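I have placed the structure first, in the form of structure tokens, so that the comments after it can refer back to it.
Naming: A, B, ... by sequence-line order, numbering from 1 per chain. All heavy atoms count here, side chains included; hydrogens, waters and symmetry mates do not. All of these numbers come straight from a predicted model, not from anything done at the bench.
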Amino acid sequence: MLQIQFIRENRDHVIERLAVRNFDAAEIVDQAIELDKKRRETQSTLDANLSEANSIAKEIGQLFKEGKREEADAKKARSAELKEVSKGLQETLNETQDQLQKLLYQLPNLPHPSVPKGNTDADNEVVMTEGDVPELHDAAQPHWELAKEYGLIDFELGVKITGAGFPVYTGKGARLQRALVNFFLDNATAQGYLETMPPHVINEASGYGTGQLPDKEGQMYHATVDDLYLIPTAEVPITNIYRDVILKEDELPRKHTGYTPCFRREAGSYGKDVRGLNRLHQFDKVEIVQIANPKDSYATLDTMVEYVKTLLNKLELPYRVLRLCGGDLGFTSALTFDMEVYSAAQEKWLEVSSISNFENFQANRLKCRYRGEDGKPQLVHTLNGSALAFPRIVAALLENNQTPEGIRIPAALAEYTGFDMITK
RNA sequence: GGAGAGUUGGCAGAGUGGUCGAUUGCACUGGUCUUGAAAACCAGCGUACCGAAAGGUACCGAGAGUUCGAAUCUCUCACUCUCCGCCA
């Protein structure tokens with residue numbers, strides 16, 4: 001959420017920046033500024049009323065002690081009057097604040113100056129491409145065929161137990177998942193990220209803290225009996241560690257990594273893009289999260305991108321880095337780099353990581369602050385990224401490394417799987 | 001699932017209708033003392049909003065109520081803990 005003080009002082013800048021998202025903010029911004037003005041005026045008047053009421057209450061108390069009953073009673077009239085007025089003012093103030101809050105919820109984060117204008121993912125800027133696309137043999141197959149042929153993943157069995165999008169991993173398929181958990185966590189902790197295993201279910205307050213609620217309620221699985229939600233990503237429980245927290249400046253940055261399953265309803269998604277592992281309702285992911293000092297959050301973002309590159313290099317997967325354009329940028333993000341691997345049999349790029357700087361947009365909702373040199377609490381910057389999401393990594397690994405003899409496992413990962421070849 | 005207790009500032013823990021935004025201890029910050037450190041002593045030390053400032057207002061789990069006045073009384077809700085039951 002953007003800060004109203006900032007909007008008030010930078011009206012034109014806010015509108016101009018949001019135009020990069022093709023978001024016409026003028027009307028909302030002006031309404032918000034108007035409401036904010038009303039809010040402050042109401043607040044001042046109310047405060048003055050309450051102030052007078054407080055001093056009258058004290059006077060009455062004093063008069064009672066002195067036994068001046070009549071004088072005290074006389075003052076009660078004024079007190080009742082003030083009470084009536086204050087009640088009305090309080091209602092106006094609450095309404096105004098609610099309306100203002102609703103407007104602010106509608107405004108997405110301001111894109112960083114480097115974000116290109118654009119409408120769809122076709123307008124994203126390819127920052128770099130790395131690695132060679134492998135040449136596959138003639139009988140090469142997409143990963144869902146390979147998974148079946150080698151007995152790694154059973155999609156139909158998942159349908160029986162749960163439904164579409166909940167695959168069952170078996171044998172080397174399951175072992176590969178376990179290897180990825182350890183591979184990613186070991187790499188992240190070596191970079192100073194604190195290994196963190198959070199709850200996989202969150203309460204409502206946490207959902208609001210990172211912005212899944214109220215807007216994206218339909219995207220999470222909801223356990224209504226207890227009013228809890230299954231996490232769509234580890235970002236939610238981990239970032240919420242810092243909800244309502246004031247850190248000391250020298251405690252920054254805080255770095256966490258966590259492995260969790262992720263649950264996404266993805267309502268309305270179907271078609272060939274969702275075949276196999278391309279899009280699931282439950283998948284595994286290792287996440288990296290940083291709570292950063294605003295002055296170096298962009299340097300932090302760069303280190304996170306660099307870190308994920310090292311993972312993809314170790315996995316020997318061809319990949320590219322995209323700078324998301326305004327139209328494709330997430331609601332809460334100021335700058336996002338997507339990492340895509342090339343899946344050779346499907347002949348397409350698959351997103352395996354999305355690394356974002358939210359600046360203080362999330363922090364404002366979370367109320368996560370740090371105390372600067374002047375002693376005043378200021379909002380932190382939050383960042384996170386996948387490092388990495390498993391299913392599409394597995395898809396690319398299977399497709400790119402298939403040979404007539406079997407599926408080769410990259411050396412760095414073979415240390416974790418215990419095998420360097422998947423055979424029938 | 002049953003029964004009971006509780007929710008106050010970073011932590012511990014007072015406070016049962018008026019000068020309480022809140023005693024005290026610990027922690028923390030600064031200072032004095034010391035060759036240095038410790039100890040001792042002195043001072044400071046919540047957050048948000050309004051305001052140029054002075055200052056004002058709100059907040060003692062959340063919301064509503066009683067009252068001239070509520071951390072304190074009433075109601076509703078949420079959460080936590082303890083014991084019993086069940087159980088990985």
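Within the nucleic acid shown, A:Asp73 has no heavy atom closer than 4.0 Å to any nucleic acid atom. Among the atoms of the strands shown, base atoms are found under 4.0 Å from some heavy atom of A:Lys76. Within 4.0 Å of A:Arg78, counting heavy atoms only, lies no atom of the nucleic acid at all. Nucleic acid contact for A:Gln5: sugar-phosphate only, since backbone atoms but no base atoms lie under 4.0 Å from a heavy atom of the residue. Among the protein residues, A:Glu59 comes within range of no part of the nucleic acid, since none of its heavy atoms lies under 4.0 Å from any strand. Contacts of A:Leu50 with the nucleic acid, taken as non-hydrogen atoms under 4.0 Å apart, involve only primed sugar atoms and P, OP1 or OP2.
The outermost nucleotides of RNA chain B lying under 4.0 Å from heavy atoms of chain A, listed 5' to 3', are B:G18 to B:G69.
For the 3.5 Å distance criterion, the side chains of A:Glu399 and A:Gln346 qualify, holding a donor opposite an acceptor. Side-chain atoms of A:Ser114 and A:His112 form a donor-acceptor pair, as typed in the model, at a separation below 3.5 Å. Between the side chains of A:His200 and A:Thr260, no donor-acceptor pair is found at a separation under 3.5 Å. Side-chain contact annotation: A:Arg392 with A:Ser343, donor-acceptor N/O pair under 3.5 Å absent. Counted by atom type alone, A:Asn357 and A:Ser297 present one or more donor-acceptor pairs between their side chains at under 3.5 Å.
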CA sep, side-chain torsions, deciding dist, call: A:His381, A:Tyr298, ring pair (Phe, Tyr, Trp, His ring centres under 6.0 Å): CA-CA 10 Å; A:His381 282 190; A:Tyr298 279 96; 7.2 Å; no

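Contact record, A:Ile7 with A:Val14: CA-CG2, 4.2 Å, taken as the closest heavy-atom pair.
Nucleotides B:U16 and B:A71, compared at atom C1', are 10 Å apart to the nearest Å. Comparing B:U7 with B:G61, their P atoms sit 8 Å apart, to the nearest whole Å. Comparing the P positions of B:A43 and B:U80 gives an interatomic distance of 42 Å, to the nearest angstrom. Rounded to the nearest Å, the gap between the P atom of B:C11 and that of B:A27 is 16 Å. Taking the P atoms as reference points, B:U19 lies 27 Å from B:C26, given to the whole Å. Comparing the same atom, C1', in B:G13 and in B:G25 gives a spacing of 8 Å after rounding to whole Å. For the C1' atom pair drawn from B:A37 and B:U57, the interatomic distance equals 46 Å after rounding to whole Å. Spacing of P atoms, B:A22 relative to B:U47, comes out at 15 Å, to the nearest Å.
For RNA chain B, the neighbouring residues in residues 83-91 of chain A, judged by any heavy atom under 4.0 Å, are A:Lys83.
Sorted by first and then second residue, the pairs that involve residues 228-238 of chain A and meet side chain to side chain donor-acceptor pair (under 3.5 Å), not counting sequence neighbours, are A:Glu217-A:Tyr229, A:Thr233-A:Lys285, A:Glu235-A:Gln362, A:Glu235-A:Asn384.
Ionic pairing of A:Arg78 and A:Glu81 is present here: one or more N-O contacts between side-chain nitrogen and carboxylate oxygen are shorter than 4.0 angstrom.
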Between side-chain atoms of residues 146-160 of chain A and protein atoms elsewhere (two or more places apart, or another chain), which donor-acceptor pairs fall under 3.5 Å?
unit_1, atom_1, unit_2, atom_2, d
A:Glu149, OE2, A:Lys424, NZ, 2.7
A:Asp154, OD1, A:Glu156, N, 3.1
A:Asp154, OD1, A:Leu157, N, 2.9

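Between A:Leu180 and A:Val394 the shortest side-chain heavy-atom distance falls below 4.5 Å.
Projected onto RNA chain B by closest heavy-atom contact, A:Asn54 and A:Lys248 fall at different nucleotides, the more 5' of which corresponds to A:Lys248. Mapping A:Gly375 and A:Ser55 onto RNA chain B via the closest heavy atom, the residue that lands nearer the 5' end is A:Gly375.
Taking a pair as Watson-Crick or G-U wobble with both distances under 3.5 Å, RNA chain B forms stems of 3 or more consecutive pairs at B:1-7 with B:78-84, B:10-12 with B:24-26, B:28-32 with B:40-44, B:46-50 with B:55-59, B:61-65 with B:73-77.
Every residue two or more places apart in sequence or in another chain that forms a side chain to side chain contact (heavy atoms under 4.5 Å, CB included) with A:Ala205 is listed here: A:Asn203, A:Arg243.
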